[in-house]
Chemist: 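Input: one structure, supplied below.
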Amino acid sequence: MTRSRHPGSGLKSNRPSDRAADHTAGRSGATAQHGTPLRQEPADDSGRGRRGATKGGRGPAARGVLLYGLHPVAAAWANPERRIHRLLVTDSGRAALEPAFAAARAQGLQRPEASPVDRLELDRMLPAGAVHQGMVIDASPLPEVGIEDLCNDLASTPSAVIVALDQVTDPHNVGAILRSAAAFGARAVVVTERHAPETTGVLAKSASGALEAVPLVRVTNLARALTDLQQNGFWSVGLAESGPSTLAKLDLTGRTVLVMGAEGSGLRRLTMERCDAIARLPTGGPVGSLNVSNAAAVALYEVARLRE
């Protein structure tokens, strides 16, 4: 059976973490993610609310994930695939979100009323050092996307590009790769269910809104997923320093999967064996390798340049 898709599908996710979030949504008296209590407000799409609405009293646990920062919050607010449970904003945060409020109203999206708070309250809700820019939302996860969904969606796209990550565990790296994928037109980022970061506010902040635009596809077995993609016309290219040729020397005009490994360990043996080709970036000098997110950005740029 085909799983729910992004975008365009309103089907409920089957991932255990998503079911747990839905189950938790009905509880009262619990604490929110990162230990801060949340209280529900009347639904409204105006982006306005009562000052001090969150102070005093305790409410239900966060029903999804806490996203923060202008680009992640604005993109999620205007994304029809996102269900938003609560928005907490400072005065400056609300002003910065006015374009997102307008975009959501234009689409007829139902959004909760914003609850004004002070900056210190947001600081207490989030991990130390989180740059929230005066805004936090509690949002349900996006609908899950599977390899079958991806192949169906791209069946009529002869030059689609996908990035596959082999056990890249740092949420900052995965978020940055999503951002580069969105900038250079990649259609999805594939990660493994295990040895990959959860879709947290940290990842969303690093993605700078790209999480709403580029599907993050989780698979149980990356080697099997590559085989499925190859059977649907994709040519997989693994990036490794041991590659016999540079990426620029390959024909990357058709459907392509760029396969990136974790820093240090790189691509696993079975993953490399499933790739159609292994290539390298033309790095050198005293520092001969790149951070995986930087390498992904360079590789995606190279693919885009070769297709001009």
Side-chain angles (χ1 to χ4, degrees), residues 4-13 18 21-22 25-26 32-33 36 38-55 59-119 121-122 125-126 130-145 153 175 178-179 182-183 199-201 203-216:
S4 57
R5 296 186 293 172
H6 172 291
S9 172
L11 295 179
K12 193 173 184 180
S13 171
D18 298 350
D22 290 337
Q33 184 174 341
T36 299
L38 294 181
R39 193 164 61 105
Q40 295 302 304
E41 294 294 323
D44 184 79
D45 68 352
S46 66
R48 295 178 173 83
R50 303 190 309 277
R51 177 159 299 285
T54 64
K55 295 183 178 179
R63 299 173 65 181
V65 63
L66 297 183
L67 305 178
Y68 54 88
L70 177 57
H71 295 298
V73 170
W77 191 266
N79 182 3
E81 294 295 317
R82 277 286 189 189
R83 184 180 179 189
I84 308 298
H85 304 296
R86 187 167 174 80
L87 169 66
L88 303 136
V89 288
T90 63
D91 287 341
S92 61
R94 183 173 62 192
L97 283 173
E98 285 298 338
F101 295 151
R105 287 194 296 270
Q107 296 180 77
L109 301 180
Q110 294 297 315
R111 293 299 187 234
E113 182 180 356
S115 298
V117 295
D118 60 43
R119 183 170 294 273
E121 188 165 353
L122 297 182
M125 292 176 61
L126 300 172
V131 182
H132 52 70
Q133 298 173 282
M135 60 195 75
V136 173
I137 58 171
D138 175 11
S140 290
L142 289 166
E144 186 177 276
V145 181
D153 286 344
L178 279 165
R179 185 175 184 176
T199 311
T200 62
L203 188 152
K205 176 66 173 173
S206 299
S208 193
L211 185 61
E212 312 301 319
V214 179
L216 186 61

Chemist: Which atom pair, heavy atoms only, marks the closest approach of Gly134 to Arg119?
Modeler: N-NH1, 3.9 Å
Chemist: Going by heavy atoms in the side chains, are Trp77 and Ile84 under 4.5 Å from each other?
Modeler: yes
Chemist: Is the closest side-chain heavy-atom distance between Met125 and Tyr68 below 4.5 Å?
Modeler: no
Chemist: Within the 4.5 Å heavy-atom criterion, are Leu70 and Leu97 side-chain neighbours or not?
Modeler: yes
Chemist: Tell me every residue that passes side chain to side chain contact (heavy atoms under 4.5 Å, CB included) with Ala204, counting only those two or more places apart in sequence or in another chain.
Modeler: Leu67, Pro72, Leu211
Chemist: Is it the case that the side chain of Asp138 and the backbone of Gly64 share a donor-acceptor pair, with hydrogens and angles ignored and the cut-off at 3.5 Å?
Modeler: yes
Chemist: Does the side chain of Val131 come within less than 4.5 Å of Gln133's, by heavy atoms?
Modeler: yes
Chemist: For Pro80, what residues pass the side chain to side chain contact (heavy atoms under 4.5 Å, CB included) criterion, not counting sequence neighbours?
Modeler: Gln107, Leu109
Chemist: Look up atom CG in Leu216 and atom CG in Leu203, then write down how far apart they are to the nearest 0.5 Å.
Modeler: 6.5 Å
Chemist: Answer yes or no: is there a side-chain heavy-atom contact under 4.5 Å between Leu122 and Val117?
Modeler: yes
Chemist: Run the side chain to side chain contact (heavy atoms under 4.5 Å, CB included) test against Ala75 and tell me which residues pass, sequence neighbours left out.
Modeler: Glu212
Chemist: Within a radius of less than 6.0 Å around CZ of Arg82, do more than 12 heavy atoms belonging to other residues, nucleotides or ligands occur?
Modeler: yes
